[in-house]
A.B. asks: 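Below are the structure tokens for one structure; questions will follow.
All figures in this text were calculated on a predicted structure; none of them were measured in a lab.
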Amino acid sequence: MDSKTLLCFSILCFSLLPELSGVVRVSAGRVSHRHRHRERRSSQSLGGGELWNSNPRKLFVFGDSYVDTGNNRKPAAKSWQYPYGVTFPGKPTGRFSDGRVLTDYLAKYLKVKSPIPYKWRKVGYGQLKYGMNFAYGGTGVFNTFVMSPNMSTQIDFFQQLIGESTFTSQDLQSSVALVSLAGNDYSVYQATDGSAQGWQPFITKVVNQLEVNLRRIHGVGVPKIVVTALEPLGCLPSSTVASSFQQCNATENQLVNFHNMLLQQSVAKLNSEVKDASASTFILLDLYSSFMAALNNKGDHLGNVKFENPLKPCCVGVSSEYSCGSMGSNGEKKYTICDDPGAAFFWDEVHPTQHGWFAVYSALQANLKQF
């Protein structure tokens, strides 16, 4: 990458961190009749199958908002505000979507229930048999603007529970880890005093730390670890708004490809170090290609999932100072929702709808089967 390309990347404004605002209390009964059909439309069979010959019984999740199912604090994260969760289950659940997210689809693929968020571990003890979700929206491998545990701290929580025998070595032997990195580290770098020349070494630093995290998770006894490649950041509505949601930012995606190339090399190196492995221990989940396949789909594959305008988000603020879920000082809505989230790939400025995640999951089938 030349300095001109890096300079272009440095002025791009990523918006992956969740908006922090006050609590908005909305009952499920506020969902209008026009939204009630959405769950039916977006509740396609999640599919089934196994990633490998063994039968995993627990899923442990680490990362950010693409896999968080309720760890962020209710008074702060917009994922706990209406209209998040309007499609499923009809009210906010802490997911950054109108419904299900990547964690839910991978859990279904593994034939286990979506694991309980770490935050709720003491009140949902009976759900520990499915694993645990340590992911917090807005976080990264390093500290971000969100005061929530980064990935290293999330793994610390995991190791603490193992030390307390909440999960035993036998539990771990039949488990899978999902590790998500959606770009929050790059948001922070861009927003602070990161130089154009420093982008390439910073991306290398992020991937190197991610490799350290993967080693740690495997080191405590998790036999299979699925890590996501970075999605096409240049296709997120936060970037495509500059073109009225008509085209992706190719320069930004070029830098994403550099991240993914380094990550692919790290995964290959990690697998080469695993002795007596009959199959890959570290598995790269290609979110870049699956996002692009879903966005470019014309309705002839991916379960006939087609989007009217795939780059345009469903839920947006009424002006640039507001976002999905924003409320005014008098409790008035400062956002709008499209008529049918099932026809939209993106829910807000960076997160897919449930229907969008289903399309991504459908595009990942070949990726999953080769495992």
A.B. asks: Tell me the closest heavy-atom pair linking H218 and V222, and the distance in Å.
C.D. replies: CD2-O, 3.2 Å
A.B. asks: Please confirm whether the backbone N or O of G138 pairs with a side-chain atom of T144, one donor and one acceptor, at under 3.5 Å?
C.D. replies: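 Present.
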A.B. asks: Can you tell me if T166 uses its side chain to pair, donor with acceptor, with the backbone of I162 under 3.5 Å?
C.D. replies: no
A.B. asks: Are the two sulfur (SG) atoms of C338 and C314 closer than 2.5 Å?
C.D. replies: yes
A.B. asks: Do the side chains of V61 and F134 get nearer than 4.5 Å, heavy atoms only?
C.D. replies: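 SC-SC contact between F134 and V61 ruled out.
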A.B. asks: List the steps, then state whether side-chain hydrogen bond (donor to acceptor under 3.5 Å, both in side chains) holds for R95 with S97.
C.D. replies: CA-CA 6 Å; R95 289 168 169 82; S97 178; over 6 Å; no
A.B. asks: Hey, are the side chains of P83 and Y335 touching, using non-hydrogen atoms and a 4.5 Å cut-off?
C.D. replies: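 In short, these two side chains touch, coming nearer than 4.5 Å.
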A.B. asks: So, for V318 and Y322, which heavy atoms are closest and what is the spacing to 0.1 Å?
C.D. replies: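 In this case the closest contact between V318 and Y322 is CG2-CD1, 3.7 Å.
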A.B. asks: For a ring pair (Phe, Tyr, Trp, His ring centres under 6.0 Å) with W357, tell me which candidate from Y66, F345, Y105, F88 qualifies.
C.D. replies: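 Testing each of Y66, F345, Y105, F88 against W357, the sole residue satisfying ring pair (Phe, Tyr, Trp, His ring centres under 6.0 Å) is Y66.
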A.B. asks: Could you measure the distance from the CG atom of L102 to the CG atom of L285? Nearest 0.5 Å is fine.
C.D. replies: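 Spacing of CG (L102) from CG (L285) equals 6.5 Å.
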A.B. asks: Give, for atom CZ of F157 and atom CG of L161, the distance between the pair rounded to the nearest 0.5 Å.
C.D. replies: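 It comes to 9.5 Å.
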A.B. asks: Is it true that a side-chain atom of N133 and a backbone atom of V67 form a donor plus acceptor pair closer than 3.5 Å?
C.D. replies: yes
A.B. asks: If we ignore hydrogens and angles and just use 3.5 Å, is the side chain of D98 paired with the main-chain N or O of G85 as donor and acceptor?
C.D. replies: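 The answer is no, because no donor-acceptor pair under 3.5 Å joins these two groups.
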A.B. asks: Do D104 and S114 have a side chain donor and acceptor closer than 3.5 Å?
C.D. replies: yes
A.B. asks: Between Q154 and N150, do the side chains contain an N or O donor and an N or O acceptor separated by less than 3.5 Å?
C.D. replies: no
A.B. asks: Run the numbers on D64 and T139 for side-chain hydrogen bond (donor to acceptor under 3.5 Å, both in side chains), then give the verdict.
C.D. replies: CA-CA 5 Å; D64 48 38; T139 62; 5.9 Å; no
A.B. asks: Decide if atom CD of Q159 counts as having more than 12 heavy atoms of other residues, nucleotides or ligands within a radius under 6.0 Å.
C.D. replies: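 Check passes, neighbour count above 12.
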A.B. asks: For N271 and T281, which I'm curious about, is there any donor-acceptor pair between the side chains at under 3.5 Å?
C.D. replies: no
A.B. asks: What is the distance from atom CG of L295 to atom CD of E231, rounded to the nearest 0.5 Å?
C.D. replies: 11.0 Å
A.B. asks: Suppose we call two aromatic rings close when their centres sit under 6.0 Å apart. Are F167 and F60 close by that rule?
C.D. replies: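 So the answer is yes for these two rings.
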A.B. asks: Is there a side-chain contact between V350 and F96, using heavy atoms and a 4.5 Å cut-off?
C.D. replies: no
A.B. asks: Nearest 0.5 Å, what's the OG-CG distance between S148 and N71?
C.D. replies: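 Separation between the atoms: 8.5 Å.
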A.B. asks: What verdict does the side-chain hydrogen bond (donor to acceptor under 3.5 Å, both in side chains) test give for Y84 and D348, after you've listed the backbone C-alpha separation in whole Å, the side-chain angles of each residue and the deciding distance to 0.1 Å?
C.D. replies: CA-CA 10 Å; Y84 287 80; D348 58 18; 2.7 Å; yes
A.B. asks: Regarding S239 and E252, do their side chains bring together a donor and an acceptor under 3.5 Å, going by distance alone?
C.D. replies: yes
A.B. asks: Any side-chain heavy-atom pair from S175 and L172 closer than 4.5 angstrom?
C.D. replies: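 Yes, at least one pair of side-chain atoms sits under 4.5 Å.
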A.B. asks: Write down the atom of D185, the atom of G140, and the distance for their closest heavy-atom approach.
C.D. replies: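 Heavy atoms only, the tightest pair is OD2-CA, 3.3 Å.
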A.B. asks: Do Q265 and L262 have side-chain heavy atoms sitting under 4.5 Å apart?
C.D. replies: yes
A.B. asks: If we ignore hydrogens and angles and just use 3.5 Å, is the side chain of N257 paired with the main-chain N or O of N253 as donor and acceptor?
C.D. replies: yes
A.B. asks: So, does D171 use its side chain to make a donor-acceptor pair with the main chain of T168 at under 3.5 Å?
C.D. replies: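 Yes, because the side chain of D171 sits within donor-acceptor range (under 3.5 Å) of the backbone of T168.
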A.B. asks: Does any N or O in the side chain of W80 come within less than 3.5 Å of the main-chain N or O of N72, such that one atom is a donor and the other an acceptor?
C.D. replies: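 Pair found, side chain donor or acceptor close to backbone of N72.
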A.B. asks: Between Q197 and P201, what is the shortest heavy-atom contact and its length?
C.D. replies: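 For Q197 and P201, the tightest heavy-atom pair comes out as O-CD, 3.6 Å.
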A.B. asks: Any chain of hydrophobic side-chain contacts (each under 4.5 Å) joining V141 to V207?
C.D. replies: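 As far as the 4.5 Å side-chain criterion goes, V207 and V141 are connected within one cluster.
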A.B. asks: Between K78 and E349, does any NZ, NE, NH1 or NH2 come within less than 4.0 Å of an OD or OE carboxylate oxygen?
C.D. replies: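 Salt bridge: yes.
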A.B. asks: Under the criterion side chain to side chain contact (heavy atoms under 4.5 Å, CB included), I'd like the reasoning laid out for L59 against L110: C-alpha separation, chi angles, the key distance, then a yes or no.
C.D. replies: CA-CA 8 Å; L59 176 62; L110 297 175; 4.1 Å; yes
A.B. asks: Decide yes or no on side chain to side chain contact (heavy atoms under 4.5 Å, CB included) for I337 and W347, but give the supporting numbers first.
C.D. replies: CA-CA 9 Å; I337 310 175; W347 171 242; 4.2 Å; yes
A.B. asks: Please lay out, stage by stage, how Q160 and D156 fare under the test side-chain hydrogen bond (donor to acceptor under 3.5 Å, both in side chains).
C.D. replies: CA-CA 6 Å; Q160 181 179 358; D156 289 342; over 6 Å; no
A.B. asks: For D68 and S65, test the side chains for any donor-to-acceptor distance below 3.5 angstrom and give the result as yes or no.
C.D. replies: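 No, no side-chain donor-acceptor pair sits under 3.5 Å.
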A.B. asks: Determine whether Q246 and N309 satisfy the following criterion, side chain to side chain contact (heavy atoms under 4.5 Å, CB included), listing intermediate values before the conclusion.
C.D. replies: CA-CA 8 Å; Q246 295 302 309; N309 185 347; 4.0 Å; yes
A.B. asks: Go through the side-chain N and O atoms of Q127 and R121 and say whether any donor and acceptor fall under 3.5 Å apart.
C.D. replies: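 No - no donor-acceptor pair under 3.5 Å links their side chains.
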A.B. asks: Could you give the distance from CG (L311) to SG (C248), rounded to the nearest 0.5 Å?
C.D. replies: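 That separation rounds to 5.0 Å.
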A.B. asks: Below 30° counts as parallel, above 60° as perpendicular, anything between as tilted: where do the rings of F202 and Y189 land?
C.D. replies: parallel
A.B. asks: Looking at K269 and E211, does any basic side-chain N land under 4.0 Å from a carboxylate oxygen?
C.D. replies: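 Answer for the salt bridge query: yes.
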A.B. asks: Has N330 got a side-chain atom pairing as donor or acceptor with E332's backbone, closer than 3.5 angstrom?
C.D. replies: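 A pair under 3.5 Å: no.
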A.B. asks: Hey, does M151 have a side-chain heavy atom less than 4.5 Å from the side chain of V179?
C.D. replies: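 They are in contact (side-chain heavy atoms under 4.5 Å apart), so the answer is yes.
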A.B. asks: If you count heavy atoms of other groups shown closer than 6.0 angstrom to CD of E164, is the number above 12?
C.D. replies: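 Counting neighbours around CD of E164, more than 12 heavy atoms of other residues, nucleotides or ligands fall under 6.0 Å, so yes.
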A.B. asks: As a quick check of understanding, evaluate side chain to side chain contact (heavy atoms under 4.5 Å, CB included) for T353 and T87, giving each step before the final call.
C.D. replies: CA-CA 9 Å; T353 60; T87 297; over 6 Å; no
A.B. asks: Quick one: is the NZ or CZ of K205 closer than 6.0 Å to the six-membered ring centre of F142, and within 45° of its axis?
C.D. replies: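 Checked: cation-pi criterion met.
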A.B. asks: Which label fits Y361 and F358: parallel for a plane angle under 30°, tilted from 30 to 60°, or perpendicular past 60°?
C.D. replies: tilted
A.B. asks: Given R215 and E273, is the salt bridge (Lys or Arg N to Asp or Glu O under 4.0 Å) satisfied, shown in steps?
C.D. replies: CA-CA 11 Å; R215 289 181 188 277; E273 296 173 359; 2.7 Å; yes
A.B. asks: Please identify which of these residues, Q81, K333, K334, meets the side-chain contact (heavy atoms from CB on, under 4.5 Å) condition with M327.
C.D. replies: K333
A.B. asks: Applying side-chain contact (heavy atoms from CB on, under 4.5 Å) between V101 and each of T69, T93, L106, report the one that passes.
C.D. replies: T69
A.B. asks: Any side-chain heavy atom of F282 within less than 4.5 Å of one from L214?
C.D. replies: yes
A.B. asks: Quick check for you: to the nearest 0.5 Å, what is the distance between C315 atom SG and F346 atom CZ?
C.D. replies: 14.5 Å
A.B. asks: State, with a plain yes or no, whether a side-chain heavy atom of L181 is found less than 4.5 Å away from one of V206.
C.D. replies: yes
